[in-house]
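Note sheet for the following structure.
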Amino acid sequence: MRWDNLAENTAKPGEGALFAAAAVTTRTFDTPEFKGITFHEIRARSIVNRVPGASRMPFEWTVNPYRGCSHACVYCFARKTHTYLDLDTGIGFDSQIVVKVNAPELLSRHLASRQWQGQHIAMGTNVDCYQRAEGRYRLMPGIIAALRDHANPFSILTKGTLIMRDLDLLRQAAEVTEVGVSVSVGFTDPELWRTVEPGTPSPERRLDVVRAMTDSGIGCGVLMAPVIPFLGDHPDQLRATVRAVAAAGATSVTPLVLHLRPGAREWFMRWLAQHHPHLVHRYERMYADGAYAPTWYQRGITRRVHELAAEFGIGPADRGGARRTARTARDDPASLPDAPGAGPTQLSLL
Ligand code: SF4
């Protein structure tokens with residue numbers, strides 16, 4: 001494995017491969033929670049990463065204390081990053097987890113340096129910082145405390161309910177700086193969840209996080225990602241998901257259609273052939289031009305989700321009214337407009 005691009009350089013000149021072996025501690029744990037998972041503990045060289053200029057991402061700086069993710073979402077776009085370590089993008093990504101054990105101290109040092117200008121830091125943008133490993137390594141409390149102590153704005157995107165453990169710290173940070181929390185819930189269909197996101201907490205549990213964050217005064221948005229063509233994009237499914245998101249009191253809902261970059265694409269298509277073989281050709285056509293679904297399809301989904309968000313009272317339009325409706329929805333879900341299946345507009349997708 002190639003660790004030299006991650007690990008702190010403690011090697012003596014000429015040590016080469018020896019350094020790679022010496023810099024890593026590999027562990028496994030017997031508990032059922034970590035069955036089949038191998039952890040590679042490293043002391044990282046740096047922890048704040050700059051996002052390449054050409055990226056589509058709306059942030060410039062990120063912190064990622066882990067590489068690989070036991071949440072094991074079949075479609076995960078971060079799979080490719082495991083190849084940089086000579087690890088495989090399938091089972092290897094799900095079960096070989098790199099842990100940057102010195103992440104909190106590195107971040108603290110970075111935030112204190114004169115060069116750092118206090119820019120926003122995004123977390124959970126590559127792999128989930130509240131995946132199961134975090135229950136054992138507890139890196140996030142130190143990271144959030146460092147950000148709080150330097151009043152440095154930050155955001156976290158997660159599918160992990162473990163974030164609830166750090167609610168007090170998040171609240172303290174929100175008193176001194178801008179804190180954004182988003183939870184990723186692409187759909188609420190339990191069958192789809194079990195097969196395509198096998199290591200994650202259920203969508204219901206994730207929506208409980210949204211509810212708890214909102215109740216504690218930290219606004220929480222939902223990244224409705226991914227919307228999976230032909231499996232999670234039926235008008236009833238979109239409606240049920242946005243309705244549940246509204247009932248949880250989310251401050252926003254942002255849809256994102258599945259994209260299939262190299263690394264994720266092969267793994268997803270293998271899964272598709274196994275679980276939904278009749279869809280393979282439709283996917284090959286839909287993603288024939290690359291990693292993204294056709295623009296007309298993405299626009300259709302976005303438009304429909306925005307319509308539903310407006311209907312259920314989520315979103316930036318008429319913030320006061322939207323917040324009131326979302327609060328009402330949370331307190332009394334029965335007050336929401338009609339149940340799934342009764343939507344006035346049926347979205348024709350393909
Ligand atoms: S939770 Fe996020 S990072 Fe982890 S496997 Fe799923 S999509 Fe990837």
Side-chain angles (χ1 to χ4, degrees), residues 33-34 36-39 49 51 55-57 59 62-85 87-100 103 122-137 139-140 143 155-164 181-189 192-207 209-210 220-228 231-232 241 254-272 291-292:
E33 196 187 3
F34 296 125
I37 300 180
T38 303
F39 295 97
N49 313 299
V51 178
S55 166
R56 289 177 165 214
M57 304 296 179
F59 42 78
T62 62
V63 163
N64 294 297
Y66 299 100
R67 299 280 289 262
C69 185
S70 57
H71 281 164
C73 305
V74 176
Y75 52 75
C76 181
F77 76 91
R79 289 184 176 279
K80 185 166 171 60
T81 60
H82 244 39
T83 58
Y84 307 146
L85 304 171
L87 290 167
D88 88 84
T89 58
I91 295 284
F93 177 84
D94 303 340
S95 63
Q96 304 282 323
I97 309 297
V98 179
V99 185
K100 300 174 190 173
M123 290 176 282
T125 55
N126 185 32
V127 301
D128 202 323
C129 47
Y130 283 104
Q131 58 176 291
R132 269 178 277 159
E134 174 60 16
R136 176 151 205 117
Y137 286 97
L139 300 178
M140 289 305 289
I143 288 172
S155 57
I156 297 173
L157 170 65
T158 187
K159 286 191 178 92
T161 48
L162 193 55
I163 192 173
M164 294 307 300
V181 176
S182 298
V183 171
S184 166
V185 182
F187 47 83
T188 50
D189 182 326
L192 186 54
W193 161 63
R194 273 190 206 99
T195 58
V196 85
E197 298 171 340
T200 60
S202 70
E204 287 76 18
R205 297 286 76 76
R206 286 180 243 158
L207 290 171
V209 171
V210 175
C220 185
V222 166
L223 182 66
M224 194 170 151
V227 174
I228 304 181
L231 292 170
T241 303
T254 308
L256 193 66
V257 170
L258 175 76
H259 51 84
L260 292 174
R261 292 188 203 152
R265 188 184 183 110
E266 301 79 5
W267 195 240
F268 181 87
M269 290 304 286
R270 204 173 119 175
W271 171 86
L272 193 70
Y292 294 91

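Excluded from the calculations below are hydrogen atoms, water molecules and symmetry mates; all remaining heavy atoms, backbone and side chain alike, are included. Start at 1 and go down the list; that is how both ligands and their atoms are numbered. Treat the numbers as computed from the prediction; the structure is a model and nothing was measured.
Between T158 and C129 the shortest side-chain heavy-atom distance does not fall below 4.5 Å. Using a 4.5 Å heavy-atom threshold, the side chains of E197 and K159 count as touching. At a threshold of 4.5 Å between non-hydrogen side-chain atoms, the residues V74 and T195 do not count as touching.
Interface of A72 with ligand 1, defined as ligand atoms under 4.0 Å from a residue heavy atom, comprises 5 (S). Under a 4.0 Å criterion applied to the non-hydrogen atoms of C73, ligand 1 contributes the atoms 1 (S), 5 (S), 6 (Fe), 7 (S). If you number the atoms of ligand 1 from 1 as listed, the ones under 4.0 Å from a heavy atom of V127 come out as 3 (S). Near N126, meaning under 4.0 Å from one of its heavy atoms, ligand 1 places the atoms 3 (S).
Using the six-membered ring where Trp is involved, H82 and F93 have ring planes that are perpendicular, over 60° apart on the 30 and 60° scheme. Using cut-offs of 30° and 60° on the angle between ring planes, the pair F34 and F39 is perpendicular.
With a cut-off of 2.8 Å, atom 4 (Fe) of ligand 1 has no N, O or S atom of H71 in range.
Not close to ligand 1: T158, with no non-hydrogen atom less than 4.0 angstrom away. Contact analysis leaves Q131 out of contact with ligand 1, as no non-hydrogen atom separation drops below 4.0 angstrom. Residue A78 places no heavy atom under 4.0 Å from ligand 1.
Distance from atom 4 (Fe) of ligand 1 to its nearest protein heavy atom, with residue and atom name: C69 SG, 2.3 Å. Taking atom 8 (Fe) of ligand 1 as the reference point, the nearest protein heavy-atom neighbour is C76 SG, 2.3 Å. Remark: minimum distance from atom 2 (Fe) of ligand 1 to any protein heavy atom is reached at K159 NZ, 3.9 Å.
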Apply salt bridge (charged side-chain N to carboxylate O under 4.0 Å, His left out) to residues R79 and D94 and explain how you reach the verdict. CA-CA 9 Å; R79 289 184 176 279; D94 303 340; 2.9 Å; yes
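Each of Q131, R206, R132 was evaluated against T200; a single residue qualifies, R206, per the side-chain hydrogen bond (donor to acceptor under 3.5 Å, both in side chains) test.
With hydrogens and angles ignored, the 3.5 Å screen pairs a side-chain donor or acceptor of E134 with a backbone N or O of M140.
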